[in-house]
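Chain A is the first sequence line, chain B the second, and so forth, proteins listed ahead of strands; every chain is numbered from 1.
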Number of protein chains: 2
Amino acid sequence: MQKNKPDLQKNKSEKYNKILNSAGAVFAEYGFYKATISQIAAQAGVADGTLYLYFKNKDDILYQFINFKTHVVFNKMHAAVEKGVNAEDKLRHLIRCHLEEFQNDKNMAIIFQSEVRYLRDIESQIKDISKMYLDLLSDIIEQGQIEGSIRQDLFVGLVKRFILGAVEGVIRTWVSADGRYDLVSMADPLVDLYLRGVKG
Amino acid sequence: MQKNKPDLQKNKSEKYNKILNSAGAVFAEYGFYKATISQIAAQAGVADGTLYLYFKNKDDILYQFINFKTHVVFNKMHAAVEKGVNAEDKLRHLIRCHLEEFQNDKNMAIIFQSEVRYLRDIESQIKDISKMYLDLLSDIIEQGQIEGSIRQDLFVGLVKRFILGAVEGVIRTWVSADGRYDLVSMADPLVDLYLRGVKG
DNA sequence: TCGAAAAATGAATATTAATTCATGAATAAC
DNA sequence: GTTATTCATGAATTAATATTCATTTTTCGA
(Lines give C-alpha, C1' and ligand atoms only; values in the text may rest on other atoms or scores of the structure.)
Protein backbone atom coordinates (compact mmCIF):
# COMPACT_ATOMS: atom_id res chain seq x y z
CA MET A 1 0.00 0.00 0.00
CA GLN A 2 2.44 2.65 1.09
CA LYS A 3 5.58 3.35 -0.80
CA ASN A 4 8.75 1.51 0.02
CA LYS A 5 11.20 4.21 0.84
CA PRO A 6 14.67 2.71 0.80
CA ASP A 7 14.56 2.20 4.51
CA LEU A 8 17.67 0.78 6.06
CA GLN A 9 19.78 3.16 4.13
CA LYS A 10 18.30 6.38 5.46
CA ASN A 11 21.52 7.03 7.29
CA LYS A 12 23.99 5.43 5.02
CA SER A 13 22.55 6.10 1.60
CA GLU A 14 24.80 8.20 -0.54
CA LYS A 15 21.79 9.38 -2.39
CA TYR A 16 19.85 10.56 0.61
CA ASN A 17 22.75 12.72 1.67
CA LYS A 18 23.42 13.92 -1.83
CA ILE A 19 19.86 15.12 -2.12
CA LEU A 20 19.91 16.75 1.29
CA ASN A 21 23.05 18.70 0.50
CA SER A 22 21.81 19.72 -2.90
CA ALA A 23 18.60 20.89 -1.32
CA GLY A 24 20.61 22.92 1.17
CA ALA A 25 22.44 24.65 -1.63
CA VAL A 26 19.31 25.33 -3.66
CA PHE A 27 17.23 26.50 -0.71
CA ALA A 28 20.03 28.79 0.38
CA GLU A 29 20.33 30.31 -3.05
CA TYR A 30 16.68 30.71 -4.00
CA GLY A 31 14.77 30.37 -0.76
CA PHE A 32 12.38 27.56 -0.03
CA TYR A 33 9.47 28.76 -2.13
CA LYS A 34 11.35 29.75 -5.23
CA ALA A 35 13.46 26.61 -5.17
CA THR A 36 11.96 23.85 -7.28
CA ILE A 37 12.09 20.11 -6.98
CA SER A 38 13.58 19.95 -10.46
CA GLN A 39 16.42 22.23 -9.45
CA ILE A 40 17.23 20.13 -6.44
CA ALA A 41 17.01 16.93 -8.44
CA ALA A 42 19.25 18.33 -11.15
CA GLN A 43 21.78 19.52 -8.59
CA ALA A 44 21.81 16.07 -7.03
CA GLY A 45 22.03 14.40 -10.44
CA VAL A 46 18.86 12.34 -10.06
CA ALA A 47 15.37 12.38 -11.55
CA ASP A 48 12.61 14.42 -9.99
CA GLY A 49 10.71 11.34 -8.95
CA THR A 50 13.68 10.01 -7.06
CA LEU A 51 13.33 12.67 -4.40
CA TYR A 52 10.00 11.12 -3.48
CA LEU A 53 11.63 7.81 -2.75
CA TYR A 54 13.64 9.44 0.00
CA PHE A 55 11.37 12.25 1.20
CA LYS A 56 7.64 12.60 1.73
CA ASN A 57 7.46 15.92 -0.06
CA LYS A 58 9.18 19.26 -0.46
CA ASP A 59 8.44 20.36 3.08
CA ASP A 60 9.94 17.18 4.38
CA ILE A 61 13.21 17.90 2.65
CA LEU A 62 13.58 21.19 4.47
CA TYR A 63 12.45 19.60 7.68
CA GLN A 64 15.06 16.87 7.49
CA PHE A 65 17.75 19.30 6.51
CA ILE A 66 17.13 21.49 9.52
CA ASN A 67 16.71 18.54 11.79
CA PHE A 68 19.99 17.03 10.78
CA LYS A 69 21.97 20.23 11.01
CA THR A 70 20.43 21.08 14.33
CA HIS A 71 21.56 17.88 15.89
CA VAL A 72 25.07 18.15 14.61
CA VAL A 73 25.47 21.75 15.68
CA PHE A 74 23.86 21.34 19.01
CA ASN A 75 26.09 18.45 19.94
CA LYS A 76 29.13 20.47 19.07
CA MET A 77 27.95 23.41 21.09
CA HIS A 78 27.30 21.21 24.03
CA ALA A 79 30.76 19.75 23.81
CA ALA A 80 32.26 23.21 23.47
CA VAL A 81 30.61 24.40 26.65
CA GLU A 82 31.84 21.33 28.49
CA LYS A 83 35.38 22.31 27.69
CA GLY A 84 35.16 25.46 29.77
CA VAL A 85 35.51 25.41 33.51
CA ASN A 86 34.19 28.77 34.63
CA ALA A 87 31.31 30.74 33.14
CA GLU A 88 33.42 33.16 31.17
CA ASP A 89 35.33 30.32 29.63
CA LYS A 90 32.20 28.44 28.73
CA LEU A 91 30.67 31.49 27.13
CA ARG A 92 33.77 32.06 25.09
CA HIS A 93 33.83 28.48 23.86
CA LEU A 94 30.15 28.58 23.01
CA ILE A 95 30.36 31.73 20.96
CA ARG A 96 33.44 30.55 19.16
CA CYS A 97 31.82 27.25 18.32
CA HIS A 98 28.68 28.97 17.15
CA LEU A 99 30.52 31.26 14.79
CA GLU A 100 32.76 28.46 13.59
CA GLU A 101 29.92 26.12 12.69
CA PHE A 102 28.02 28.75 10.81
CA GLN A 103 31.09 29.96 9.03
CA ASN A 104 31.83 26.43 7.91
CA ASP A 105 28.36 25.88 6.55
CA LYS A 106 27.06 28.99 4.93
CA ASN A 107 24.06 27.25 3.40
CA MET A 108 22.95 26.26 6.83
CA ALA A 109 23.52 29.77 8.10
CA ILE A 110 21.36 31.24 5.37
CA ILE A 111 18.59 28.71 5.80
CA PHE A 112 18.46 29.09 9.56
CA GLN A 113 18.16 32.80 9.10
CA SER A 114 15.55 32.81 6.42
CA GLU A 115 13.27 29.85 6.56
CA VAL A 116 12.12 30.35 10.08
CA ARG A 117 8.46 30.65 9.27
CA TYR A 118 5.48 29.13 7.50
CA LEU A 119 5.92 25.43 7.85
CA ARG A 120 4.52 24.85 11.29
CA ASP A 121 6.81 21.92 11.89
CA ILE A 122 9.81 23.86 10.95
CA GLU A 123 8.83 26.85 12.95
CA SER A 124 8.65 24.78 16.08
CA GLN A 125 11.88 23.03 15.15
CA ILE A 126 13.64 26.35 15.00
CA LYS A 127 12.08 27.44 18.23
CA ASP A 128 13.49 24.30 19.76
CA ILE A 129 16.99 25.09 18.65
CA SER A 130 16.63 28.56 19.98
CA LYS A 131 15.38 27.19 23.24
CA MET A 132 18.21 24.72 23.59
CA TYR A 133 20.66 27.46 22.94
CA LEU A 134 19.03 29.81 25.40
CA ASP A 135 19.05 27.06 27.99
CA LEU A 136 22.76 26.58 27.52
CA LEU A 137 23.16 30.29 28.04
CA SER A 138 20.95 30.29 31.12
CA ASP A 139 23.14 27.73 32.77
CA ILE A 140 26.26 29.64 31.99
CA ILE A 141 24.83 32.90 33.24
CA GLU A 142 23.56 31.40 36.44
CA GLN A 143 26.89 29.77 37.05
CA GLY A 144 28.55 33.12 36.46
CA GLN A 145 26.27 34.79 38.94
CA ILE A 146 27.17 32.20 41.54
CA GLU A 147 30.85 32.48 40.81
CA GLY A 148 30.57 36.25 40.97
CA SER A 149 31.81 36.85 37.45
CA ILE A 150 28.39 38.04 36.31
CA ARG A 151 26.38 40.76 38.02
CA GLN A 152 23.64 39.39 40.20
CA ASP A 153 21.18 42.20 39.57
CA LEU A 154 20.65 41.07 35.98
CA PHE A 155 17.57 39.32 34.73
CA VAL A 156 18.79 36.11 33.13
CA GLY A 157 15.93 36.09 30.62
CA LEU A 158 17.08 39.38 29.20
CA VAL A 159 20.79 38.69 29.29
CA LYS A 160 20.55 35.49 27.35
CA ARG A 161 18.48 37.08 24.58
CA PHE A 162 20.85 39.96 24.51
CA ILE A 163 23.73 37.59 23.93
CA LEU A 164 22.00 35.40 21.36
CA GLY A 165 20.69 38.43 19.50
CA ALA A 166 24.11 39.94 19.21
CA VAL A 167 25.68 36.73 17.86
CA GLU A 168 22.89 36.33 15.36
CA GLY A 169 23.28 39.92 14.32
CA VAL A 170 26.96 39.39 13.66
CA ILE A 171 26.19 36.27 11.64
CA ARG A 172 23.48 38.04 9.66
CA THR A 173 25.90 40.78 8.72
CA TRP A 174 28.46 38.22 7.67
CA VAL A 175 25.95 36.38 5.50
CA SER A 176 24.81 39.52 3.84
CA ALA A 177 28.43 40.41 3.13
CA ASP A 178 28.52 37.06 1.35
CA GLY A 179 30.85 35.52 3.88
CA ARG A 180 33.79 37.49 2.65
CA TYR A 181 35.57 37.91 5.96
CA ASP A 182 36.52 35.77 8.89
CA LEU A 183 33.60 35.35 11.22
CA VAL A 184 35.32 33.43 13.96
CA SER A 185 37.68 36.26 14.69
CA MET A 186 34.74 38.25 15.96
CA ALA A 187 34.23 35.85 18.83
CA ASP A 188 36.62 37.36 21.30
CA PRO A 189 35.80 41.02 20.74
CA LEU A 190 32.15 40.04 20.99
CA VAL A 191 32.57 38.28 24.29
CA ASP A 192 34.54 41.23 25.53
CA LEU A 193 31.59 43.46 24.71
CA TYR A 194 29.18 41.22 26.58
CA LEU A 195 31.37 41.28 29.60
CA ARG A 196 32.59 44.83 29.81
CA GLY A 197 29.99 46.74 27.84
CA VAL A 198 30.84 49.79 25.81
CA LYS A 199 31.12 52.35 28.56
CA GLY A 200 34.28 54.43 28.56
CA MET B 1 -2.89 51.72 -23.75
CA GLN B 2 -1.50 51.26 -20.27
CA LYS B 3 -3.78 50.92 -17.32
CA ASN B 4 -4.93 53.96 -15.47
CA LYS B 5 -4.02 53.32 -11.90
CA PRO B 6 -5.95 55.81 -9.78
CA ASP B 7 -3.07 58.20 -9.75
CA LEU B 8 -3.56 61.34 -7.77
CA GLN B 9 -5.03 59.37 -4.96
CA LYS B 10 -2.04 57.18 -4.26
CA ASN B 11 -1.53 59.04 -1.05
CA LYS B 12 -5.06 59.93 -0.17
CA SER B 13 -7.05 56.96 -1.38
CA GLU B 14 -8.84 55.17 1.37
CA LYS B 15 -8.73 52.06 -0.68
CA TYR B 16 -5.02 52.07 -1.30
CA ASN B 17 -4.40 52.24 2.41
CA LYS B 18 -7.04 49.71 3.21
CA ILE B 19 -5.42 47.22 0.89
CA LEU B 20 -1.97 47.95 2.22
CA ASN B 21 -3.05 47.35 5.80
CA SER B 22 -4.94 44.24 4.93
CA ALA B 23 -1.93 42.95 3.10
CA GLY B 24 0.16 43.65 6.17
CA ALA B 25 -2.15 41.58 8.30
CA VAL B 26 -2.33 38.71 5.86
CA PHE B 27 1.40 38.64 5.12
CA ALA B 28 2.13 38.70 8.83
CA GLU B 29 -0.19 35.81 9.49
CA TYR B 30 0.62 33.52 6.58
CA GLY B 31 3.89 34.80 5.21
CA PHE B 32 4.28 36.29 1.77
CA TYR B 33 4.16 33.08 -0.22
CA LYS B 34 1.27 31.41 1.50
CA ALA B 35 -0.78 34.58 1.54
CA THR B 36 -3.07 34.82 -1.48
CA ILE B 37 -4.39 37.76 -3.39
CA SER B 38 -7.91 36.58 -2.65
CA GLN B 39 -7.27 36.63 1.09
CA ILE B 40 -5.94 40.14 0.96
CA ALA B 41 -8.82 41.29 -1.21
CA ALA B 42 -11.36 39.68 1.07
CA GLN B 43 -9.74 41.24 4.12
CA ALA B 44 -9.87 44.63 2.45
CA GLY B 45 -13.44 44.08 1.31
CA VAL B 46 -12.74 44.49 -2.40
CA ALA B 47 -12.60 42.23 -5.42
CA ASP B 48 -9.41 40.47 -6.41
CA GLY B 49 -9.07 42.51 -9.56
CA THR B 50 -9.18 45.73 -7.61
CA LEU B 51 -5.76 45.11 -6.13
CA TYR B 52 -4.35 45.40 -9.62
CA LEU B 53 -5.72 48.89 -9.99
CA TYR B 54 -3.56 50.00 -7.10
CA PHE B 55 -0.55 47.71 -7.32
CA LYS B 56 1.49 46.25 -10.14
CA ASN B 57 1.43 42.76 -8.68
CA LYS B 58 1.78 40.80 -5.49
CA ASP B 59 5.44 41.65 -5.07
CA ASP B 60 4.63 45.29 -5.43
CA ILE B 61 2.23 45.14 -2.52
CA LEU B 62 4.92 43.90 -0.19
CA TYR B 63 7.37 46.37 -1.63
CA GLN B 64 5.07 49.31 -0.99
CA PHE B 65 4.22 48.09 2.46
CA ILE B 66 7.83 47.90 3.51
CA ASN B 67 8.66 51.14 1.80
CA PHE B 68 5.93 53.00 3.57
CA LYS B 69 6.65 51.60 7.00
CA THR B 70 10.34 52.18 6.59
CA HIS B 71 9.87 55.85 5.94
CA VAL B 72 7.55 56.36 8.86
CA VAL B 73 9.74 54.48 11.29
CA PHE B 74 12.95 55.96 10.11
CA ASN B 75 11.67 59.50 10.50
CA LYS B 76 10.58 58.77 14.01
CA MET B 77 13.92 57.24 14.89
CA HIS B 78 15.70 60.20 13.48
CA ALA B 79 13.57 62.56 15.52
CA ALA B 80 14.11 60.44 18.63
CA VAL B 81 17.86 60.65 18.29
CA GLU B 82 17.67 64.41 17.84
CA LYS B 83 16.01 64.69 21.21
CA GLY B 84 19.09 63.45 23.01
CA VAL B 85 22.05 65.67 23.70
CA ASN B 86 24.85 63.31 24.58
CA ALA B 87 25.56 59.89 23.12
CA GLU B 88 24.10 57.90 25.96
CA ASP B 89 20.90 59.89 25.79
CA LYS B 90 20.62 59.50 22.07
CA LEU B 91 21.13 55.78 22.29
CA ARG B 92 18.47 55.50 24.93
CA HIS B 93 15.98 57.46 22.86
CA LEU B 94 16.74 55.42 19.78
CA ILE B 95 16.25 52.08 21.43
CA ARG B 96 13.07 53.21 23.14
CA CYS B 97 11.68 54.49 19.88
CA HIS B 98 12.63 51.32 18.07
CA LEU B 99 10.89 49.09 20.57
CA GLU B 100 7.88 51.38 20.74
CA GLU B 101 7.30 51.45 17.01
CA PHE B 102 7.57 47.72 16.66
CA GLN B 103 5.39 47.10 19.66
CA ASN B 104 2.73 49.37 18.18
CA ASP B 105 2.76 47.59 14.85
CA LYS B 106 3.20 43.92 15.29
CA ASN B 107 2.41 43.12 11.66
CA MET B 108 5.25 45.29 10.61
CA ALA B 109 7.52 43.66 13.18
CA ILE B 110 6.71 40.22 11.86
CA ILE B 111 7.12 41.17 8.23
CA PHE B 112 10.43 42.92 8.79
CA GLN B 113 11.68 39.84 10.51
CA SER B 114 10.49 37.29 8.03
CA GLU B 115 10.30 38.59 4.53
CA VAL B 116 13.85 39.69 4.26
CA ARG B 117 14.72 37.57 1.30
CA TYR B 118 13.90 36.53 -2.24
CA LEU B 119 12.44 39.57 -3.85
CA ARG B 120 15.56 41.34 -4.94
CA ASP B 121 13.96 44.73 -4.56
CA ILE B 122 12.81 43.99 -1.10
CA GLU B 123 16.07 42.52 -0.06
CA SER B 124 17.86 45.70 -0.94
CA GLN B 125 15.12 47.75 0.68
CA ILE B 126 15.66 45.93 3.93
CA LYS B 127 19.38 46.31 3.62
CA ASP B 128 18.80 50.01 3.24
CA ILE B 129 16.84 50.23 6.46
CA SER B 130 19.50 48.28 8.22
CA LYS B 131 22.10 50.56 6.81
CA MET B 132 20.29 53.72 7.84
CA TYR B 133 19.91 52.33 11.29
CA LEU B 134 23.53 51.32 11.52
CA ASP B 135 24.54 54.75 10.34
CA LEU B 136 22.52 56.35 13.09
CA LEU B 137 24.30 54.10 15.53
CA SER B 138 27.71 54.88 14.06
CA ASP B 139 27.19 58.56 14.66
CA ILE B 140 26.10 57.99 18.20
CA ILE B 141 29.01 55.71 18.95
CA GLU B 142 31.54 58.05 17.45
CA GLN B 143 30.11 60.94 19.38
CA GLY B 144 30.30 58.84 22.53
CA GLN B 145 33.92 58.06 21.85
CA ILE B 146 34.69 61.75 21.49
CA GLU B 147 32.76 62.63 24.60
CA GLY B 148 34.53 59.84 26.42
CA SER B 149 31.38 57.99 27.38
CA ILE B 150 32.25 55.11 25.08
CA ARG B 151 35.53 53.24 25.10
CA GLN B 152 37.84 54.32 22.36
CA ASP B 153 39.42 50.95 21.78
CA LEU B 154 36.21 49.58 20.30
CA PHE B 155 35.67 48.89 16.63
CA VAL B 156 32.58 50.87 15.69
CA GLY B 157 31.59 48.35 13.02
CA LEU B 158 31.31 45.63 15.60
CA VAL B 159 29.66 47.69 18.31
CA LYS B 160 26.85 48.84 16.12
CA ARG B 161 26.03 45.33 14.96
CA PHE B 162 26.23 44.14 18.48
CA ILE B 163 23.64 46.73 19.50
CA LEU B 164 21.32 46.21 16.55
CA GLY B 165 21.51 42.45 16.91
CA ALA B 166 20.55 42.58 20.54
CA VAL B 167 17.54 44.82 19.93
CA GLU B 168 16.37 42.61 17.10
CA GLY B 169 16.82 39.58 19.28
CA VAL B 170 14.65 41.09 21.94
CA ILE B 171 12.00 41.95 19.36
CA ARG B 172 12.13 38.48 17.86
CA THR B 173 11.54 36.94 21.25
CA TRP B 174 8.64 39.27 21.85
CA VAL B 175 7.07 38.39 18.50
CA SER B 176 7.42 34.71 19.10
CA ALA B 177 5.79 35.15 22.51
CA ASP B 178 2.94 36.64 20.51
CA GLY B 179 3.48 40.11 21.90
CA ARG B 180 2.14 39.18 25.26
CA TYR B 181 4.34 41.43 27.36
CA ASP B 182 5.52 44.99 27.31
CA LEU B 183 8.42 45.40 24.94
CA VAL B 184 9.22 49.02 25.64
CA SER B 185 10.05 48.31 29.24
CA MET B 186 13.07 46.35 28.03
CA ALA B 187 14.66 49.47 26.64
CA ASP B 188 16.39 50.70 29.75
CA PRO B 189 17.72 47.38 31.00
CA LEU B 190 18.95 46.74 27.46
CA VAL B 191 20.79 50.02 27.25
CA ASP B 192 22.26 49.35 30.65
CA LEU B 193 23.64 46.07 29.31
CA TYR B 194 25.22 47.77 26.32
CA LEU B 195 26.88 50.26 28.52
CA ARG B 196 28.01 48.27 31.49
CA GLY B 197 28.16 44.74 30.17
CA VAL B 198 27.39 41.75 32.29
CA LYS B 199 30.59 41.53 34.26
CA GLY B 200 30.20 41.27 38.01
C1' DT C 1 23.13 -16.70 -16.61
C1' DC C 2 18.66 -15.80 -15.17
C1' DG C 3 14.89 -13.61 -12.94
C1' DA C 4 12.73 -11.46 -9.14
C1' DA C 5 12.92 -7.53 -6.21
C1' DA C 6 14.45 -2.89 -5.50
C1' DA C 7 15.53 1.52 -7.27
C1' DA C 8 15.19 5.07 -10.58
C1' DT C 9 13.06 7.49 -14.27
C1' DG C 10 10.53 11.41 -16.33
C1' DA C 11 6.34 12.32 -18.90
C1' DA C 12 1.63 13.01 -17.61
C1' DT C 13 -1.50 14.77 -14.14
C1' DA C 14 -3.56 17.77 -10.88
C1' DT C 15 -3.69 21.66 -8.22
C1' DT C 16 -3.19 26.06 -6.98
C1' DA C 17 -3.28 30.83 -7.44
C1' DA C 18 -1.63 35.16 -9.90
C1' DT C 19 -3.20 38.02 -13.39
C1' DT C 20 -6.29 39.69 -17.10
C1' DC C 21 -10.21 41.71 -19.16
C1' DA C 22 -14.94 42.04 -20.83
C1' DT C 23 -18.62 43.85 -18.45
C1' DG C 24 -21.08 46.62 -15.25
C1' DA C 25 -21.62 50.37 -11.63
C1' DA C 26 -20.57 54.82 -9.89
C1' DT C 27 -19.27 59.39 -10.50
C1' DA C 28 -18.82 63.76 -12.53
C1' DA C 29 -19.23 67.03 -16.29
C1' DC C 30 -22.19 69.71 -18.97
C1' DG D 1 -30.96 64.02 -17.50
C1' DT D 2 -27.65 62.36 -20.49
C1' DT D 3 -23.15 60.99 -21.56
C1' DA D 4 -18.27 60.22 -20.78
C1' DT D 5 -14.93 58.86 -17.73
C1' DT D 6 -13.28 56.57 -13.96
C1' DC D 7 -13.49 52.73 -10.87
C1' DA D 8 -14.71 48.04 -9.52
C1' DT D 9 -15.94 43.35 -10.37
C1' DG D 10 -14.98 38.34 -10.47
C1' DA D 11 -15.14 34.60 -13.78
C1' DA D 12 -11.96 32.90 -17.19
C1' DT D 13 -7.26 32.39 -18.48
C1' DT D 14 -2.64 31.17 -17.86
C1' DA D 15 1.40 29.53 -15.89
C1' DA D 16 3.98 27.13 -12.80
C1' DT D 17 5.36 23.15 -10.50
C1' DA D 18 4.60 19.51 -6.89
C1' DT D 19 3.46 14.91 -7.08
C1' DT D 20 2.27 10.39 -9.14
C1' DC D 21 2.94 6.14 -11.45
C1' DA D 22 3.53 3.10 -15.48
C1' DT D 23 7.69 1.80 -17.34
C1' DT D 24 12.62 0.85 -17.46
C1' DT D 25 17.04 -0.11 -15.39
C1' DT D 26 19.90 -1.97 -11.90
C1' DT D 27 21.05 -5.08 -8.34
C1' DC D 28 22.03 -9.39 -6.55
C1' DG D 29 21.06 -14.11 -4.93
C1' DA D 30 20.72 -18.72 -6.59
Compile the donor-acceptor pairs under 3.5 Å between side chains in residues 84-94 of chain B and protein atoms, sequence neighbours left out, one pair per line.
unit_1	atom_1	unit_2	atom_2	d
Asn86(B)	OD1	Glu88(B)	N	3.3
Asn86(B)	OD1	Asp89(B)	N	2.8
Glu88(B)	OE2	Arg92(B)	NH2	3.0
Lys90(B)	NZ	Gln143(B)	OE1	2.9
Arg92(B)	NH1	Asp188(B)	OD1	3.0

[X] [atom1] - [N] [atom2] separation (whole Å):
| X | N | atom1 | atom2 | answer |
| --- | --- | --- | --- | --- |
| Ile19(A) | dA7(C) | CD1 | C1' | 12 Å |
| Leu53(A) | dA6(C) | CG | P | 13 Å |
| Ile40(B) | dT19(C) | CD1 | P | 11 Å |
| Leu51(B) | dA17(C) | CG | P | 15 Å |
| Phe55(B) | dT19(C) | CZ | P | 13 Å |

Enumerate all atom pairs, one protein N or O and one N or O from nucleotides 16-19 of chain D, separated by less than 3.5 Å.
unit_1	atom_1	unit_2	atom_2	d
dA18(D)	OP2	Ile37(A)	N	2.5
dT19(D)	OP2	Tyr52(A)	OH	2.8
dT19(D)	OP2	Lys58(A)	N	3.0
dT19(D)	O5'	Tyr52(A)	OH	3.4

*Taking the six-membered ring for Trp, are Phe162(B) and Phe162(A) parallel (under 30°), tilted (30 to 60°) or perpendicular (over 60°)?*
perpendicular
*According to a strict under-4.0 Å criterion, is Lys15(A) in side-chain N/O contact with OP1 or OP2 of dA7(C)?*
no
[X]: salt bridge (Lys or Arg N to Asp or Glu O under 4.0 Å) partners, not counting sequence neighbours:
| X | result |
| --- | --- |
| Lys18(A) | none |
| Lys83(B) | none |
| Lys58(A) | none |

*Hey, could you give me each pair passing salt bridge (Lys or Arg N to Asp or Glu O under 4.0 Å) that has a residue in residues 145-164 of chain A? Not counting sequence neighbours.*
Arg151(A)-Asp153(A), Arg151(A)-Asp192(B)
